[in-house]
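Here's the structure, in structure tokens; my notes come after.
Just so you know, these numbers use all the heavy atoms, side chains as well, and skip hydrogens, waters and symmetry mates.
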Amino acid sequence: METGTYISGAAHLALIGWALFGIAPNPEPLPFEVQEVAVISSAEFAALQAAQRPPGPVAEPAALIPPEAPAEVPELPNAPDPEPAQITPDVAEAPPPDEAPIRTPDPLPQAEVSEAPPEITPPGEDVAALLPLDQRPQPRPAERIAPQAVAPPAPEAIPDEIEREAVVPEEGERAAPQEPQEATAPEEAAPEIVTEAEEPAGAPTRSIRPSSRPARPTPAAAPSPEPQTADAVNEAVNDAVAEALREAQTAAPSAPSGPPLSAGERDALRVAVSSCWNVGSLSTEALQTTVVVGVDMQEDARPVAGSIRMLSFSGGSEAAARQAFEAARRAIIRCGSRGFQLPAEKYGQWREIEMTFNPENMRIR
Amino acid sequence: MTLFVRMFLVSLAVPLLLAAATSSGAQAQSGPLRIEITEGVIEPLPFATPDFVADSAQAAQFGRDIARVIAANLTGTGLFREIAPSAFISQISDFSAPVQYADWKAINAQALITGGVSLQGGQLVVQFRLYDVFSNAELGSGLQFAGPPEGWRRMAHKVADAVYSRITGESGYFDSRVVFVSESGPKNDRRKRLAIMDYDGANVQYLTDASSIVLAPRFSPTGDRVLYTSYEGGAPRIYVLDVGSVQRRVLEQQDGAMSFAPRFGPDGTTVVYSLTQGGNTDIFKLDLANGQTQRLTSAPSIETAPSFSPDGSRIVFESDRSGTQQLYVMPANGGEAQRISFGQGRYGTPVWSPRGDLIAFTKQNRGRFHIGVMRTDGSEERLLTASFLDEGPTWAPNGRVIMFARETRGAQGSVSLYSVDITGRNLRPVPTPEGASDPAWSPLQN
């Protein structure tokens, strides 16, 4: 009796546990298929539906309208067409005979043909003889020496003391219309001095080897790894944080704001100043002096003339540096008088400019 | 584990801290943009020289003439370009009135020279000021010169020298003179006489007559004496002539010898020259104080055309000891000479620059003559001219310009003077009333 009770109790407990917790071993998961779907908007769905919708019922074609019959039918005569009149051409009179008939050309004389091969005179050594020195084209001496050669202006171009830019009316311009004006012709320039003694150069006699790529900085020797302890790592982390904060605080006041100038924008500024940097009147010593010039800029990209100052110089005496600085100052003021081509949105980058005038390439040109 | 978490947090925090610090600093101040200018232009500097303001009708002509001479001086260097007075927007009517810089900027005048002239007690007084137009400032202080009215050209040269010096940083060369051999007649019957003139060809005066051939005049360092070679006695002899009194005397004479190619030492107390004796030509040095001579070379070849270095320590000369005519440098008291010319052709008539950095020479190569310059060690040779016959270079007092003689081809060919910048630019003739050769440039006058 008791045994049956125990068996029954255990069986019921097992049944209840199975029903509640499903402690039976998990069967293998049923296989299922995964299909990728895309989420589309209602507008896209409507568009899809519209595309799949069958075209609407075609309207009944309109009844054909027969052409209207002409009111009256013309009667055509049945008579044959008359014979076309024959036109008799005028008979041209025979031209009078020429008073002096054309003379038959005399037969060509028989050429004397020789069996011997013709003698060919060998060309002299100087078939492509050089022109005498006096007749050679002379080099065109240009008074102005500039980085880029400038062809002489057209003959009708008259040199003008006052340099003017071209004035072209813009479309939709509402201001008072300006009279179109041609730009002042650029002055002829040669890239280097050609002395009387130098041969005229019709073509470059040598090409300039491109400058070699700058050597990569030699990487510092990697320190040998040392075993790091927890304290050493903590100390290094603290140092790094402190150093980063210190550098950020010290560098921040001199860091320019706004996006940096692109290489093209910097080159444009460099070229603009170069075109006005006239070193032709500098002394030999001044041509060996490099000056660093500081200048403050206005927002319209024009230099503040009073702010131009010499920050430092090297390579010459103080007197030579003064001459070099004055030439640099003239260049900045002259070419900056209309404002340099600098992006206004990057004013923070060029509010203050340091220009290094290095005449090394200009000593002998 | 804790360590890695901490490092992870630090790596996140550092960029945030940097960004915050940078942004706050950028709002406070921005740094300079740095660019380097290595290419420029070489062109004459435009300048304006209005007529100098005169205080009387008598001085008005001086005012006009002085302005024209100054403009011609500066333009002749090739370093300056005069803006025509017709382009002026404003005029200078008062020497002391402020300058209207905008009017001069508009015509691109980078330098402006204003001046005033007046006659005071028989003296001509010339004042001038130089302005850097684009800097809105005067360049240096105003200067005043006074002298006899007939010396107005010299005062104009002095003003031009001051302007040149202030702008270029080098001393000028306008207030200087040139002694030369004036030539007339055909090549086979040339009449030669010594003449002296301003550097620009004005005020020509003749120092000798044409009764005998004269050659190679050379100024003393003070410009008051001239050495030259004359065939007056049949054989070439060296004479010294006082420019002021035009008195002359034979400087060196030895029986049966020919002396020529003299040149003063830098202190004016010694003269180096060539002496031909027994078919051999060597270089000697003469002490003017005691008349003693010293032989400097003794080679069996021809040594001639000696020229002192500015410090007097060395002498450059020409010699054919190597088989062809070349340039050599030796100590001032003689000794071992070092050859410095090694190019093709023949080199001669070397002259040491007043600056001491260059030697000018005549070179003959492939049927052409050249005037050239080289470093004192013979490096960086640069030929400046080329023609049928160029010879006899002489240096301007500032060492930037060379004058020489050029002869044209043919029996009726003429000889004349030219000047050229040491860069080879600005080759231009020097006006002389007749043919001219053998120029020698004086130092700046006091």
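- For the set A/Ile333, A/Asn278, A/Leu261, the entry with the most heavy-atom pairs within less than 4.5 Å of chain B is A/Asn278.
- Taken to the nearest 0.5 Å, the CG atom of A/Asn358 stands 5.0 Å off from the CD atom of B/Glu36.
- The distance from atom CZ of B/Phe47 to atom OG of A/Ser281, rounded to the nearest 0.5 Å, is 12.0 Å.
- For chain B, the nearby parts of A/Glu354 are the backbone and the side chain; heavy atoms of each come within less than 4.5 Å.
- Among B/Val133, B/Leu79, B/Ile35, the residue with the largest count of heavy-atom pairs under 4.5 Å with chain A is B/Ile35.
- Surrounding CD of A/Gln341 are at most 12 heavy atoms belonging to other residues, nucleotides or ligands under 6.0 Å away.
- The parts of A/Arg270 that come within reach of chain B are both its backbone and its side chain, each placing non-hydrogen atoms under 4.5 angstrom from that chain.
- Among B/Asp390, B/Asn398, B/Asp132, the residue with the largest count of heavy-atom pairs under 4.5 Å with chain A is B/Asp132.
- Once rounded to the nearest 0.5 Å, the distance linking OG1 of A/Thr284 with CZ of B/Arg355 reads 3.5 Å.
- The minimum heavy-atom distance between A/Ser283 and B/Gly169, with the atom names listed, is CB-C, 4.2 Å.
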Self-check item: Residue pair A/Thr195, B/Thr385: steps toward the side-chain contact (heavy atoms from CB on, under 4.5 Å) verdict
Solution: CA-CA 7 Å; A/Thr195 69; B/Thr385 72; over 6 Å; no
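- The part of B/Arg166 that comes within reach of chain A is its backbone (N, CA, C, O), which places non-hydrogen atoms under 4.5 angstrom from that chain.
- Between A/Arg329 and B/Ser135 the shortest heavy-atom distance is NE-OG, 2.8 Å.
- A 4.5 Å side-chain heavy-atom check between A/Val271 and B/Glu39 finds every atom pair outside the cut-off.
- Side chains of B/Leu33 and A/Arg266 form a contact here, defined as non-hydrogen atoms less than 4.5 Å apart.
- No side-chain heavy atom of A/Glu196 sits under 4.5 Å from any side-chain heavy atom of B/Val420.
- The distance from atom CD1 of B/Ile37 to atom OG1 of A/Thr290, rounded to the nearest 0.5 Å, is 12.0 Å.
- If you measure heavy-atom distances from A/Ile332 to chain B, you find no contacts under 4.5 Å at all.
- Of the listed residues (B/Asn136, B/Leu45, B/Asp421, B/Asp357), the one with the most heavy-atom contacts under 4.5 Å to chain A is B/Leu45.
- Counting heavy-atom pairs under 4.5 Å between each of A/Met297, A/Met355, A/Arg322 and chain B puts A/Met355 at the top.
- In the displayed structure, A/Glu345 atom CD is contacted under 6.0 Å by more than 12 heavy atoms of other residues, nucleotides or ligands.
- Annotation: the span from A/Arg330 atom CZ to B/Phe134 atom CZ amounts to 10.0 Å, rounded to 0.5 Å.
- In this structure, no portion of B/Ile371 lies under 4.5 Å from any heavy atom of chain A.
- Counting heavy-atom pairs closer than 4.5 Å to chain A, the top-ranked of the candidates B/Leu384, B/Leu139, B/Thr77 is B/Leu384.
- The CD atom of B/Glu43 sits 9.0 Å away from the OG atom of A/Ser275 when rounded to the nearest 0.5 Å.
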